[in-house]
Asker: 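Please see the structure below; I have some questions.
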Amino acid sequence: MGRTLKNLLGLSFVLLLAILASTSTYFSVKQKTEIPSLQEITDFQNNSNILLINKQTKVLHKSRASAVQVFSANIHQHLAMQSGTYVIAFERYFVLTTNHGIIGDCLLTKIYVDDKFRNCIRFIELNQESDYAIIEVEKIPSRKPVKIPQDLPTGRKQWTKALGVMNRVFYTGYPNSVGPLTIEGKVAGYHPDDQLYIISYAWSGSSGSGVFSQDGKYIGYVLAIDVGENNLGGAAILENVVLVIPAFKINWAAVLDVPQEVPEADDTAN
């Protein structure tokens with residue numbers, strides 16, 4: 001009787017171990033096959049922590065949290081879409097983008113964030129020479145603005161460092177209307193006409209994206225991709241050579257020349 005009981009206890013112990021092993025295997029397999037939600041994947045905090053440069057997590061967050069889309073239409077029913085950077089300057093909120101993508105007036109220009117269109121309050125400056133537009137907007141709670149002038153390089157030393165050849169840069173935008181996509185690159189060279197060349201990627205829709213240095217400074221905005229000639233005498237697009245206009249070309253003082261007014265219309269439209 002005692003021997004039988006001992007055998008039963010031994011068998012029960014073996015069965016218990018088998019159940020625990022199979023349960024552990026089940027949960028291990030289940031955990032490995034689980035996938036994150038779209039919200040978890042696209043969260044602004046979801047940045048790689050592998051092989052990061054100094055402060056890269058903060059740089060990526062700053063780039064992604066300030067990126068917006070800009071839509072501009074005109075009375076001829078033409079529509080242009082580009083990227084922009086949400087900024088705060090002199091305690092007011094703006095979007096910095098390129099001028100060539102603004103094809104209509106302020107009423108027909110919208111900032112697209114979180115599946116909502118936000119109104120343009122006014123154009124502060126539409127600069128054709130340096131190809132930028134400063135658009136005043138209401139505060140966007142879900143975005144974190146780049147601080148002007150705090151987030152700009154200060155002085156010759158910081159600018160020289162930021163524009164140094166092979167320095168890493170990052171931008172977040174909407175190439176081909178897809179995004180936000182965060183893209184890295186490296187400084188390739190500098191043109192005497194104050195154009196920065198970076199080895200990166202861009203496409204239609206990237207224009208206006210804010211470019212950040214590896215130190216997290218806002219150093220400029222994407223202007224265009226380089227275009228050359230092929231052997232047949234036609235145009236050839238070099239989408240890995242991106243033209244960037246340095247942020248020191250932006251006349252932020254223009255903000256002070258336009259008095260602040262309270263907009264009559266609501267700042268959002270579905």
Asker: Checking T97 now: which residues fulfil side chain to side chain contact (heavy atoms under 4.5 Å, CB included) with it, not counting sequence neighbours?
Answerer: V70, Q82, I102, A133, I135
Asker: Side-chain heavy atoms nearer than 4.5 Å, only ILVMFWY residues, links allowed to pass through others: does that put F90 and I124 together?
Answerer: yes
Asker: Give me the one residue out of V222, V241, V242, V244 that meets side-chain contact (heavy atoms from CB on, under 4.5 Å) with S200.
Answerer: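 Among V222, V241, V242, V244, the one meeting side-chain contact (heavy atoms from CB on, under 4.5 Å) with S200 is V242.
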Asker: Measuring centre to centre across the rings, with the benzene-like ring taken for any Trp, is F212 within less than 6.0 Å of F170?
Answerer: no
Asker: Donor-acceptor check, side chain of Y86 to backbone of I140, threshold 3.5 angstrom: yes or no?
Answerer: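 Confirmed, Y86 side chain pairs with I140 backbone.
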Asker: Quick one: list whatever passes side chain to side chain contact (heavy atoms under 4.5 Å, CB included) with I88, sequence neighbours left out.
Answerer: Y93, P145, K147
Asker: My understanding is that only residues two or more places apart in sequence, or in another chain, count here; which of them pass salt bridge (charged side-chain N to carboxylate O under 4.0 Å, His left out) with D105?
Answerer: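 None.
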Asker: Go through the steps for R92 and E136 under the test side-chain contact (heavy atoms from CB on, under 4.5 Å), then give the verdict.
Answerer: CA-CA 8 Å; R92 292 158 65 183; E136 185 164 8; 2.9 Å; yes
Asker: Is there a donor-acceptor pair under 3.5 Å between the side chain of R118 and the backbone N or O of V113?
Answerer: no
Asker: Over all heavy atoms of both residues, which pair between S209 and S83 is shortest? Give the atoms and the distance, please.
Answerer: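 Between these two residues, the closest heavy atoms are OG-CB, 3.2 Å.
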Asker: So, using salt bridge (charged side-chain N to carboxylate O under 4.0 Å, His left out) as the criterion, who are the partners of D131 when residues are at least two apart?
Answerer: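 For D131, no residue satisfies salt bridge (charged side-chain N to carboxylate O under 4.0 Å, His left out) once neighbours in sequence are set aside.
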Asker: When you measure from the side chain of D114 to the backbone N and O of K116, does any donor-acceptor pair fall under 3.5 Å?
Answerer: no
Asker: Please list all pairs meeting salt bridge (Lys or Arg N to Asp or Glu O under 4.0 Å) that have one or both residues in residues 76-89, counting only residues at least two apart or in different chains.
Answerer: none
Asker: Please find the pair of heavy atoms, one from G216 and one from K62, that lie closest to each other, and give the distance.
Answerer: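 Nearest pair, atom of G216 first, then K62: O-NZ, 3.0 Å.
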Asker: Drop me the distance from I198's CD1 to N240's CG, to the nearest 0.5 angstrom.
Answerer: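 It comes to 10.5 Å.
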Asker: Say whether L256 and L152 are linked into one hydrophobic cluster, either directly or through other cluster members, by side-chain heavy-atom distances under 4.5 angstrom.
Answerer: yes
Asker: Would the distance check show the side chain of S207 and the main-chain N or O of L223 forming a donor-acceptor pair, the cut-off being under 3.5 Å?
Answerer: yes
Asker: Between I134 and F123, does a side-chain contact (heavy atoms from CB on, under 4.5 Å) hold up when you go through it step by step?
Answerer: CA-CA 6 Å; I134 302 176; F123 292 145; over 6 Å; no
Asker: Take V68 and Y112 through the side-chain contact (heavy atoms from CB on, under 4.5 Å) test and state the conclusion after the steps.
Answerer: CA-CA 6 Å; V68 299; Y112 191 63; over 6 Å; no
Asker: Would you name the heavy atoms of I219 and S213 that are closest together and state the gap between them?
Answerer: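 Minimum heavy-atom separation between I219 and S213: CG2-CB, 3.8 Å.
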Asker: Could you tell me if the side chain of M81 sits less than 4.5 Å from the side chain of Q69, heavy atoms only?
Answerer: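 Contact flag for Q69/M81 side chains = yes.
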Asker: Say whether T182 and S63, considering side chains only, have a donor N or O and an acceptor N or O under 3.5 Å apart.
Answerer: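 No, because no side-chain N or O of T182 sits under 3.5 Å from a partner of the opposite role on S63.
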Asker: Tell me, please, which residues at least two apart from K217 pass side-chain hydrogen bond (donor to acceptor under 3.5 Å, both in side chains).
Answerer: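 Per chain and number, K217 pairs via side-chain hydrogen bond (donor to acceptor under 3.5 Å, both in side chains) with no residue.
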Asker: Taking G104's backbone N and O only, do any of them form a donor-acceptor pair with S72's side chain (distance below 3.5 Å, no angle check)?
Answerer: yes
Asker: Does L96 reach the side chain of Y132, with side-chain heavy atoms less than 4.5 Å apart?
Answerer: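 Touching, per the 4.5 Å side-chain cut-off.
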Asker: Indicate yes or no: at least one non-hydrogen side-chain atom of K110 is less than 4.5 angstrom from one of N119.
Answerer: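 Sidechains of N119 and K110: in contact.
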Asker: Under 3.5 Å, sequence neighbours excluded: what are the donor-acceptor pairs made by side chains of residues 183-192?
Answerer:
unit_1: E184; atom_1: OE1; unit_2: R168; atom_2: NE; d: 3.2
unit_1: E184; atom_1: OE1; unit_2: R168; atom_2: NH2; d: 2.7
unit_1: Y190; atom_1: OH; unit_2: D194; atom_2: OD1; d: 2.6
unit_1: H191; atom_1: ND1; unit_2: D193; atom_2: N; d: 3.0

Asker: Show, in sequence, the C-alpha distance, side-chain angles and deciding distance for L243 and Y197, and conclude whether the side-chain contact (heavy atoms from CB on, under 4.5 Å) test is met.
Answerer: CA-CA 5 Å; L243 278 65; Y197 290 86; 3.6 Å; yes
Asker: Apart from M166 itself, which Ile, Leu, Val, Met, Phe, Trp or Tyr residues share its cluster (side-chain heavy atoms under 4.5 Å, direct or through members)?
Answerer: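 Its cluster mates, by chain and number, are V165.
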Asker: Are Y221 and S206 side-chain neighbours, meaning at least one heavy-atom pair lies under 4.5 Å?
Answerer: no
Asker: Do P175 and L181 come close enough that some side-chain heavy atom pair is under 4.5 Å?
Answerer: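 Heavy-atom side-chain distance check passes, below 4.5 Å.
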Asker: By side chain to side chain contact (heavy atoms under 4.5 Å, CB included), which residues pair with T85, not counting sequence neighbours?
Answerer: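 Side chain to side chain contact (heavy atoms under 4.5 Å, CB included) list for T85, sorted by chain: S66, V87, V146, Y218.
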Asker: So, using side chain to side chain contact (heavy atoms under 4.5 Å, CB included) as the criterion, who are the partners of A73 when residues are at least two apart?
Answerer: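 Here the qualifying residues are L79, L108.
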Asker: Mind listing the side-chain donor-acceptor pairs of residues 245-253 below 3.5 Å, one per line with the distance, residues two or more places apart or on another chain?
Answerer:
unit_1: N251; atom_1: OD1; unit_2: A253; atom_2: N; d: 3.4

Asker: Only distances under 3.5 Å count here; give the side-chain donor-acceptor pairs of residues 155-164 to other protein atoms, sequence neighbours excluded, each with its distance to 0.1 Å.
Answerer:
unit_1: Q158; atom_1: OE1; unit_2: T154; atom_2: N; d: 2.8
unit_1: W159; atom_1: NE1; unit_2: P153; atom_2: O; d: 3.3
unit_1: T160; atom_1: OG1; unit_2: R156; atom_2: O; d: 2.7
unit_1: K161; atom_1: NZ; unit_2: D215; atom_2: OD2; d: 3.3

Asker: For the residue pair W203 and Y201, does the interplanar ring angle fall in the parallel (under 30°), tilted (30 to 60°) or perpendicular (over 60°) class?
Answerer: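 The arrangement is parallel - the two ring planes meet at less than 30°.
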